2 protein chains.
Amino acid sequence: MKVSDLPAPLPATIADGVFPAGCPSRTVLDHITSKWGVLILLSLSEGDQRWSELRRRAEGISEKMLAQTLKTLERDGLVRRDAQPVIPPRVDYSLTERGRELSTLLIPLVTWAFDNADAIIGGQN
Amino acid sequence: MKVSDLPAPLPATIADGVFPAGCPSRTVLDHITSKWGVLILLSLSEGDQRWSELRRRAEGISEKMLAQTLKTLERDGLVRRDAQPVIPPRVDYSLTERGRELSTLLIPLVTWAFDNADAIIGGQN
DNA sequence: TAAGGTACTGACATGAAAGTAAGTGACCTC
DNA sequence: GAGGTCACTTACTTTCATGTCAGTACCTTA
């Protein structure tokens, strides 16, 4: 094993503690690691999408959860909502700069989960 | 259903769809993005730790949740449990190779959340 | 005339996740 | 022999995330 294989050290604030309860970072972490949050962010990292596309792509999501998750992500400044006043309605969702930043970190994680899923779940007798 | 049963390999499958409901990768993702799972993995990335140390560092966790989370992570092959038959008992927890791999992906994410938390939460009038 | 697409919202139900609190066993110290 | 330490387990309760379903407003296609 090489030294370079070791994980990068955590910032001292995080390392010691792990980090405080009730800290905003916990809330943010909860949002971005939520069941549907990850999926939405990932889906949008592929490009702008409409409500109905997201609904299809985040397989299994209910309309209520889609609305709720999008609202949270929008409030967090990760997703942009662009409603056009046409009939029938057309609403496009896209990542903000911050959202794109986040998705670049999320992608390796999800890719890893995807690659290791069989070994992890399969290896449990 | 196994991930390896899916038609296309990696980028395409994740990109398109986002990925299937009921897929093992969703389960794995749920484990590693769980509220306490992240904190435990992160804490252990700093080095081996005992039960009581983890309890302190993952601030706010109950004993029940600590036990449950550790069990899940152990089953997933991410955490190693080393119990010494001494009195009083001493149990050391550490990351497996797979766990260390994962933590290298988790750290940038958590660091990002930490760095952006104030801007995200604060920016919501 | 009816059915379907589009992007939602709101009321209600439920089930899983999480918290609370107490108990356990083997020993050691006071 | 009372109380403390350590690493848990178990039973019970509460909270919250999520699901289900119905409704809205307007237009298009069959």
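A, B, ... follow the sequence lines: proteins, then strands. Residue 1 opens every chain. Source: prediction; values computed, not measured.
- Checking A:Y93 against B:S62, the closest nucleotide of DNA chain C that is more toward the 5' end is the one next to A:Y93.
- Remark: C1' of D:dC8 and CD of B:E74 are 13 Å apart, rounded to the nearest angstrom.
- Between D:dA7, D:dT20, D:dT18, one nucleotide has an atom nearer to the side chain of A:K35 than all others, and that is D:dT18.
- Closest approach to the B:K71 side chain among D:dT18, D:dT9, C:dT6 is made by D:dT9 (side chain taken as heavy atoms from C-beta onward).
- Considering only the side chain of B:W51, D:dA7 comes nearest among D:dA7, C:dC8, D:dT5.
- One N or O donor and one acceptor, one from the side chain of B:K64 and one from the base of C:dA18, sit under 3.5 Å apart.
- When the C1' atom of D:dC8 is taken as reference, atom CG of B:L54 falls 13 Å away, rounded to whole Å.
- Taking atom CZ of residue B:R81 and atom C1' of nucleotide D:dC6, one finds them 12 Å apart after rounding to whole Å.
- Atom CE in B:M65 sits roughly 15 Å away from atom P in D:dC8 (whole-Å rounding).
- A close approach under 4.0 Å does not occur between any side-chain nitrogen or oxygen of A:R50 and OP1 or OP2 of C:dC8.
- A salt bridge between A:E97 and A:R100 is present, with a side-chain N of the basic residue lying under 4.0 Å from a carboxylate O of the acidic one.
- Regarding contacts with the backbone of C:dG19, a side-chain N or O of B:W36 is found under 4.0 angstrom from either OP1 or OP2.
- Between A:D118 and B:P24, the closest side-chain pair of non-hydrogen atoms falls below 4.5 Å.
- When each of A:S34 and A:P89 is assigned the nucleotide of DNA chain D with its nearest heavy atom, A:S34 is the one assigned upstream, toward the 5' end.
- Close to C:dT6, at under 4.0 Å from its OP1 or OP2, lies no side-chain N or O of A:R90.
- An OP1 or OP2 oxygen of C:dG5 is reached within less than 4.0 angstrom by no side-chain nitrogen or oxygen of A:S52.
- Between B:D48 and B:S94, the shortest heavy-atom contact is OD1-CB, 3.2 Å.
- Atom P of nucleotide C:dA16 and atom CG of B:D30 are separated by 14 Å, given to the nearest angstrom.
- To the nearest angstrom, P of D:dG23 lies 15 Å from CD of A:E63.
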field: Residue pair A:W51, A:L70: steps toward the side-chain contact (heavy atoms from CB on, under 4.5 Å) verdict
entry: CA-CA 10 Å; A:W51 167 276; A:L70 282 170; 4.1 Å; yes
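- A donor atom on one side chain and an acceptor atom on the other are not found under 3.5 Å apart for A:T96 and A:R80.
- In this structure, B:I87 places its CD1 atom 16 Å from P of D:dT5, rounding to the nearest Å.
- For the pair A:H31 NE2 and D:dT18 P, the interatomic distance rounds to 11 Å; values are reported in whole Å.
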